[in-house]
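Step one of this worksheet: look at the structure below.
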Amino acid sequence: MQIPGPDTRVVELRVHGILGATGDELTDSVASVDVAGDGVGRIMRPADRLRRPVPGPVLSTGDRSVPRIVEGYVWGGMTSGGLSKATWALLFPFALANMAHWMLPPVRSGSALSRGLSTVLRALLRLSALLLTMLFVAQITVVSLDLVAAQCLSPGAPCLEFVPSAVRSLDVLRASAALLPVVLVVLLMHRLSTVSWQVSARKTDKPQHSARAPMLPGANVVADPDTPALRALHVIAALSTVAMLALGGPFLTTADPRWILAAALIGISVVGTVGLDDPARMKPDGKEKVLRGLLGRTPRRVLMTASALLLCSVALLPGPLNAPLPGSGPTIDAITSALVVTCVAVAVLLTPATLLARSTWKTCPRPLRPWAGGWMSAPVLMFACMLGNGFGAGLAFTVRQTLVVDNAPGSPGPTLPDAFDDVTIFWGTTAVLLAIAAVIGIPLLLLKRWRTTRTEGDSSIPDEIALLHAGRPEDQRAAANAWKWADLQRRYSHIVLLVIAGVLAVSTALTVVARTMELPPLIDTDWLVGIGVASLAALAAGLLRMVFLAASKRDTARYLGVLCDLVLFWPREAHPVVPPCYALKVIPELAERATEHLADPNTRVVIVGHSQGSLLAAVATARLLDSLPEADRERVGLVTAGSQLQWAYPRAFPGVVPHMSLRDLAGTLGGRWRSLCRGTDPLGGAVTTWNRQVYDGMLIGVGFRADGTEGPLPAATRGPTGALVLGGDHWLPDPQRGPFACRRWVPGVLGHTDYPGDPEWDRAVAMAAGLETPVRGATLPLRPQTPTPAQAPAVPSAPKTQHLTAQGGDGGSLTDSVEELTQAPEEPEAAPEDESTPVTVPEQQDVKTRPKPAVLPEITEPRGRSAPWERAMSLGSSEN
């Protein structure tokens, strides 16, 4: 560890999480200005009244204050803001399908079977993404070409009567007008897939295969060089699907050369999509080299031109457009069936793949192992496919209902293919099953909580909460309820997704049975169709309304941007038609900014990330450490707050952020990774410790050690403001202790918000900078809990005793006496005596069935030494 000199300074580089943040919010100041960046990724500092950048407040490191510069990286503009980003929500199913690729389990080292299964799974995911694009375009074609052009605008149809007869009699004009919006949608998708954020940093990415578990977190999150080829294949398949639908569908036997060309182009797209693997070009020879040659820039342009000319020929020679198109139903049926088959294949093949990959996490404790054993990619893919299918069907039903003319005698209006009836049955069954699951699950959850409360007692406080909020019964009660709900959300959030996936699987099976088998006459599906139509209409209308509000209102845009924040972290891999990945810009620019500051040998950089920003900060720190010489690594630190780096990301993405990579990162930092966490935070949690418990008045647990290993840790120490520091985790009391003199204080339960408002924030930054160690806090005193009724002797009355007051407290919060902490809170307080008087802990008169855990008031600082913001209060009280 480098010894700090007189010119040492600390640069605190902050990264915000979901919902975005302004520069003022991120730097915790009343004003901020840009000091670097390109306007998209903005690096900001606090500013004075003249809009000049100023350094942040000095950093207290015990007996010394060190200059500090606070900077914030604002990246929220990449995912929310304006109409263009609001419409990204329409591509949410595509983004989910792309994210499912990153949720695959890693390849087992040295296993050819595991490597083969991983290759097949990645190919199936790319094929599912291609089919999802084809289904989306086919559904739009049914709406525009079939419903509007062929049925509503046919000669004599009682629909859209304002259209003149001259237009209705020209099939070429109607076909061209109907195919124009489809072509525009495909061109928009192609344009969106070509957009990437300009990175204002040196390229430091190393070739990393996305299927191989990285040594450091996020090392395989790199751009795929095969994305242009995959993008071209999606465009070719989309245009060919439109032509196939207009020419009669995939099951038509015809000698039309256009139909043959469309089938050939779709076949080329499928084969090329399945064969494009090895994204980082780890193997430049062999079939990958041949395939890349066949899908080079010139061949791609030739194929895209051929598909465009094919679509133009369909527009110029459309055939008869006087009735529902015969190719609509077969095309939708074929694509939907292929989607179902690929989803089932992924679910089946994931089972042996996860069993083979189990060796990479079998040594981890059960709460840290991947969700569903690494099988979460299958339900996410199924959810993406069914959501995309439902949105397109909902749009079709909404347009059809708009075009229906109620007062036209003998005319039912435009009709949709039978394939859409299957979609309505599917979504109707899904809505009913989800309602049944909610009706059964919610009461069971409430009953379980009631039984737990009845067993433990309404006033029971968990030992960890009692230790964290020692001496504050009101805070203990407020925190206990928030801890329960936060733990419930973290523990069972993935269960909800699995339940939804199970419901979707059952609904799919019932729909297939209803389609392929003749149902008994007693079974009426009309009510399911009605529920399904209502559900689809609500889905389409709700999503379009959200997009409209997000485009016009900033707050709504930020909340809609949450979806983009979660799914657009992942680069284009399985589906190229997704908005650009912001991680490919934020991570290298964070590392580059830190490198610029480290050019000064007296500067230490601490990268701080909150919530989703903690993932960005951890990956950026790993990239930074990998590029720095050994001597400069000691001047780098990491602070995470409200992070999901233990309970969510390693369990959902075991091939990208595995548990072992986090352990290696913690060992590389050598104790300079500090994590601020609250038990009341439903979105964040512990990062470096687990298996925590209170034993004999001490908080103990297992976690990452500074030497790069993991195992039992020394007992937690208490910081000067009441936080418990166990390993690298700082457990913050929520509600906060205080108020503190000359220190910001926030009342109430904060949960996931306002971590910089806690006074432990500065102490964690100082530790991450290597300027302070956790030994400042004294070890907690050892005292067991209050005796049980069987152990408590019968005493007629408790003698009056003198009291002990904690020295060097936390701003007045730990001045309660021993008697006040061990007895019921309703007993009257007694006047404190001098600390030199011997202490006798009285026995209680009325012993409850399960009393609250009690601990002594802890001494948070060595005698004669207190926190700087508490010295004035201590001096004032001594003078009085």
Side-chain angles (χ1 to χ4, degrees), residues 94 126-146 149-150 175-176 178-193 228-276 291 294-295 298-319 325-339 342 388-389 392 417 419 575-577:
F94 295 170
R126 291 192 301 272
L127 179 59
S128 300
L130 179 68
L131 292 172
L132 196 58
T133 300
M134 296 167 62
L135 179 62
F136 177 71
V137 175
Q139 288 173 331
I140 296 178
T141 306
V142 169
V143 173
S144 61
L145 186 63
D146 194 346
S176 301
L179 292 177
L180 180 61
V182 180
V183 174
L184 291 178
V185 168
V186 175
L187 290 178
L188 180 62
M189 293 167 55
H190 178 268
R191 172 59 181 169
L192 178 62
S193 62
L230 197 61
R231 176 195 311 132
L233 293 175
H234 276 248
V235 173
I236 295 167
L239 297 178
S240 302
T241 301
V242 176
M244 178 70 71
L245 187 150
L247 294 173
F251 306 117
L252 178 67
T253 303
T254 178
D256 190 340
R258 296 180 299 173
W259 188 95
I260 298 175
L261 178 59
L265 290 175
I266 292 176
I268 292 174
S269 301
V270 171
V271 173
T273 300
V274 171
L276 274 179
L291 185 60
L294 294 176
L295 295 177
T298 301
R300 292 199 305 265
R301 290 180 176 179
V302 172
L303 292 174
M304 292 178 66
T305 303
S307 60
L309 293 176
L310 174 64
L311 188 60
C312 291
S313 68
V314 172
L316 297 176
L317 300 172
L325 296 179
S328 296
T331 303
I332 299 295
D333 278 338
I335 299 175
T336 305
S337 301
L339 265 178
T342 53
N389 190 9
H575 204 305
V577 188

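For clarity, every value in this text was computed on a predicted model and none was experimentally measured. Note that the numbering runs from 1 along the sequence shown for the chain.
Remark: T273 engages no residue in a side-chain hydrogen bond (donor to acceptor under 3.5 Å, both in side chains) (not counting sequence neighbours). With sequence neighbours excluded, the residues that form a side-chain hydrogen bond (donor to acceptor under 3.5 Å, both in side chains) with S328 are D146.
One finds the CD atom of Q139 at 8.5 Å from the CD1 atom of I335 (value rounded to the nearest 0.5 Å). With rounding to the nearest 0.5 angstrom, the CG atom of L245 is 12.0 Å from the CD1 atom of I140.
The closest donor-acceptor contact from the side chain of R126 to the backbone of V274 lies under 3.5 Å. A donor-acceptor pair under 3.5 Å is formed between the side chain of W259 and the backbone N or O of G249. Side chain of T336 to main chain of D333: no donor-acceptor pair is present (N/O by atom type, distance under 3.5 Å, no hydrogens or angles). In this structure, T342 contributes its side chain and L339 its backbone to a donor-acceptor pair below 3.5 Å. Looking only at distances, no side-chain donor or acceptor of S193 sits under 3.5 Å from a matching main-chain atom of V577.
Contact annotation: the side chain of T133 approaches that of M189 to within less than 4.5 Å [non-hydrogen atoms, C-beta and beyond].
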Got a list of side-chain donor-acceptor pairs under 3.5 Å for residues 303-318, not counting sequence neighbours?
unit_1: T305; atom_1: OG1; unit_2: R301; atom_2: O; d: 2.7
unit_1: S307; atom_1: OG; unit_2: L303; atom_2: O; d: 3.4
unit_1: S307; atom_1: OG; unit_2: M304; atom_2: O; d: 2.7
unit_1: S313; atom_1: OG; unit_2: L310; atom_2: O; d: 2.5

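Of all heavy-atom pairs spanning S240 and I236, the tightest one is OG-O, 2.8 Å.
For the residue pair H234 and S269, no side-chain donor N or O sits within less than 3.5 Å of a side-chain acceptor on the partner.
Paired with I266 under the rule side-chain contact (heavy atoms from CB on, under 4.5 Å), one option of V271, L261, T241 passes, and it is T241.
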